[in-house]
Amino acid sequence: MSATTTYPNYSPGLEGVIGGITNISEIVSETSTLIYRGYDVHELASKGSFEETAYLLLYGALPNRAQLDEFVTTLKNEREVPTEVYTALKQLPKDCHPMDIAKVGFAVYAPFDPDYAAPATDQDANRRKAVRILAKASTIVGNGHRIRNGHEPLKPKAEHTIAQNFLYLMSGNEPDAKTAHVLDSSLTLYAEHGYNASTFACRVTVATLSDIYSGIVTGIGTLKGPLHGGANEEAMKMIQEIGSVDRAEAWIRDALATKKKIMGFGHREYKKRDPRAIYLTKVAKELCVEKGQTQWSEIADILENVMETEKGIYPNVDFPAAYAYYVLGIPIDLYTPIFVIARVSGWSAHVLEQLANNRLIRPACIYEGPKSATWVPVDER
Ligand code: CMC
C-alpha cells in the first residue's frame with residue numbers, strides 16, 4: 001500500500017478492529033483499569049496468589065478453599081516433564097534464546113500428554129491439558145535455563161508454588177519469600193490481556209481445530225518479539241546501556257530525536273497509564289531501595305518524565321518488570337519466558353473460550369499486486 005492510500009474498512013495493524021467477544025478480561029483505557037472476570041487486577045495481584053488467578057481464568061470463578069487445594073495439588077502432581085523433553089532441550093545450541101527453549105519444550109511434550117489424542121473440541125480434555133501446561137511451564141523454563149547453562153535439570157519440589165518452582169530451578173537455591181512474592185504478583189499481572197497479539201495468534205491457531213499445544217507454541221513464538229513480550233528484556237538492556245543517572249536525560253532525548261522506539265513504553269490499548277505498570281512501578285521502586293540499587297529506579301524516573309512530557313507516552317508493564325526482575329537477580333534472557341509462565345493461563349482460557357463457540361478466524365485482505373501478468377515458459381524468462 002502506498003503511504004497515502006486508505007481503504008474503507010481497513011485498519012493497519014487491525015487497530016480499533018473488534019476481533020471477538022470475550023468474558024475473560026476487560027481493558028478500559030480511559031480509567032486505566034484491567035479486570036479479569038470482574039476482578040480488578042490490582043486486587044488479584046496484591047491479595048491473591050497466581051494460582052488463584054490462573055484458576056479464575058481457567059474456570060471462570062475464584063476457587064473456594066477446597067477447590068484451590070485440589071487445583072494446587074494437581075499442579076504439583078503435574079509439574080514434572082518426561083525425560084524425553086530434557087533430552088531434546090539438550091540438543092539445542094547453547095546460545096539459543098530461552099523463548100526457543102520454551103517453544104521446543106512444549107512442542108516435544110505435547111504428544112506425551114495423556115489427552116493428546118482427544119478431539120480438539122473435547123473441552124474437558126482441553127481443560128486437563130491447560131492445567132498440565134500451566135503446571136509444566138515453570139519447569140520447562142527453569143530446567144531449560146539449567147540445561148542451557150550446562151547443568152542437569154532438578155526435580156521440582158512438591159511444596160513450591162509456581163513462582164517458587166521457577167526460582168528454585170533457575171538458581172538451584174531455595175527462593176526467599178520476598179522474591180517469590182514479587183514474582184508471584186508479577187505473574188498475576190502478566191497472566192491475561194484480552195486480544196493481545198500472542199493471544200489472538202493462539203486463538204487463530206485453535207480456531208482451525210488444531211490442538212491446544214499448537215496454540216501455546218504459536219503464542220510463545222508471537223510473545224517473543226520486542227514489540228510484545230520481548231520488550232521487558234529490551235527495556236533492561238536499554239537501562240543498562242544508559243548505565244548511570246547522569247547520562248539518562250541526554251540519552252532519552254537523543255533517542256527520541258533519532259526516532260528510536262523506547263522499549264517498555266506505549267501501548268495499543270492504553271492511551272493513558274497501563275494499570276499493571278502503575279502497580280509494578282511501586283513494587284519495583286521499593287525493591288530498588290531495599291536492595292540498595294536506586295540507580296535503576298532513578299534512571300527509570302528520568303525516562304518516564306521525559307516520555308510523558310515530550311511524547312505523552314507512559315510505561316507499560318514491561319518497563320517496571322525489567323528492573324524489578326533485575327534487582328531480584330533474574331538473568332535478563334528469562335524475563336520473557338517468565339511472561340510465558342504467566343500467560344499460558346490466559347492463552348488457555350482463550351482456547352477454551354474460542355472452542356466453546358468456534359468459527360474459523362480468517363480475515364480478508366486487499367490485493368495490490370499486478371493483475372494480468374502473462375505466462376512465459378521457464379526457459380524464455
Ligand atoms: N517509543 C517512542 N515512540 C513511541 C513508542 C515508544 N515506545 N510507542 C509509541 N510511540 C509513538 C510512535 O513512534 C508513533 O508516533 P508517530 O505517530 O509520530 O509515528 C505513535 O507513538 C504510535 O505508535 P505505534 O507504534 O504506531 O503504536 P502501536 O499501537 O502500533 O504500537 C506498541 C504499540 C506497544 C507496539 C508501541 O508502543 C511500541 O513499540 N512500544 C515499545 C515496545 C513495547 O514496550 N512493547 C510492549 C507492549 S505492552 C506489554 C506486552 O504486550 O508485552
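For ligands, and for the atoms within them, numbers begin at 1 and follow the listed sequence. Throughout, numbering of the chain's residues begins at 1 and tracks the sequence.
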Tell me which protein heavy atom sits closest to [atom], plus the residue, atom name and distance to 0.1 Å.
atom	answer
atom 35 (C) of ligand 1	L227 O, 4.0 Å
atom 43 (C) of ligand 1	A231 CB, 3.5 Å
atom 34 (C) of ligand 1	G266 O, 3.8 Å

Please report whether [atom] has a protein non-hydrogen atom at a separation of less than 4.0 Å.
atom	value
atom 40 (N) of ligand 1	yes
atom 37 (O) of ligand 1	yes
atom 11 (C) of ligand 1	yes
atom 18 (O) of ligand 1	no
atom 25 (O) of ligand 1	yes
atom 50 (C) of ligand 1	yes
atom 31 (O) of ligand 1	no

Strictly below 4.0 Å, N to O, side chains only: are [X] and [Y] in salt-bridge contact?
X	Y	value
E174	K157	yes
D274	R276	yes
D211	K129	no

Practice item. Compute whether any side-chain donor of one residue and acceptor of the other, for N316 and Y270, lie under 3.5 angstrom apart. Key: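 No, Y270 and N316 have no side-chain donor paired with an acceptor closer than 3.5 Å.
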Below the 3.5 angstrom mark, is there an N/O of [X], backbone or side chain, next to an N/O of ligand 1?
X	result
R276	no
E15	no
F339	no
F265	yes
K271	no

Contacts table for residues 55-70: side-chain donor-acceptor under 3.5 angstrom, sequence neighbours left out:
unit_1: N64; atom_1: OD1; unit_2: A66; atom_2: N; d: 3.2
unit_1: N64; atom_1: OD1; unit_2: Q67; atom_2: N; d: 2.8
unit_1: Q67; atom_1: OE1; unit_2: N64; atom_2: N; d: 2.8

Review point. Should you measure from each heavy atom of G229, which atoms of ligand 1 turn up under 4.0 Å away?
Key: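 Those of ligand 1 that fall under 4.0 Å from G229 are 52 (O).
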Check your understanding: Which atoms of ligand 1 are found less than 4.0 Å from any heavy atom of K260?
Key ->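 Those of ligand 1 that fall under 4.0 Å from K260 are 2 (C).
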Check your understanding: If you look only at pairs with a residue in residues 214-225, which of them pass as a salt bridge (Lys or Arg N to Asp or Glu O under 4.0 Å), with sequence neighbours excluded?
Key ->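 For residues 214-225, and leaving out neighbouring residues, the salt bridge (Lys or Arg N to Asp or Glu O under 4.0 Å) pairs sorted by first residue read D100-K224.
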pair [X]-[Y]: side-chain heavy atoms closer than 4.5 Å:
X	Y	answer
Y326	I239	no
H181	K178	no
H160	P175	yes
Y323	V327	no
Y325	S186	yes

Check your understanding: Could a heavy atom of A235 be found less than 4.0 Å from some atom of ligand 1?
Key ->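 So A235 does not count as touching ligand 1.
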Review point. Heavy atom of G264 under 4.0 Å from ligand 1?
Key: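 Contact check G264 vs ligand 1: positive.
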Under 4.0 Å from ligand 1, counting heavy atoms only, is it the side chain of [X], its backbone, both or neither?
X	value
F319	neither
I262	both
I313	side chain
A197	neither
D318	side chain

Practice item. Measure from atom 28 (P) of ligand 1 to every heavy atom in R268, M307, H228 and give the option owning the shortest one. Key: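 Among R268, M307, H228, the closest heavy atom to atom 28 (P) of ligand 1 belongs to R268.
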**Study point:** Closest to atom 5 (C) of ligand 1 among K261, K311, E269, H267 (heavy-atom distance)
**Key:**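 Selected option, by shortest heavy-atom distance: K261.
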Practice item. List the steps, then state whether side-chain contact (heavy atoms from CB on, under 4.5 Å) holds for D184 with E51. Key: CA-CA 9 Å; D184 185 89; E51 279 80 352; 3.8 Å; yes
Review point. Between F112 and Y109, what is the ring plane arrangement, given parallel below 30°, perpendicular above 60°, and tilted in between?
Key: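 Geometry flag for Y109 against F112: parallel rings.
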Check your understanding: Do side-chain atoms of H42 reach the backbone of P275 as a donor and acceptor pair under 3.5 angstrom?
Key ->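 Answer holds: yes.
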Exercise for review: Could you tell me if the ring centre of F339 sits under 6.0 Å from that of H193?
Suggested key: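 No, the ring centres sit 6.0 Å or more apart.
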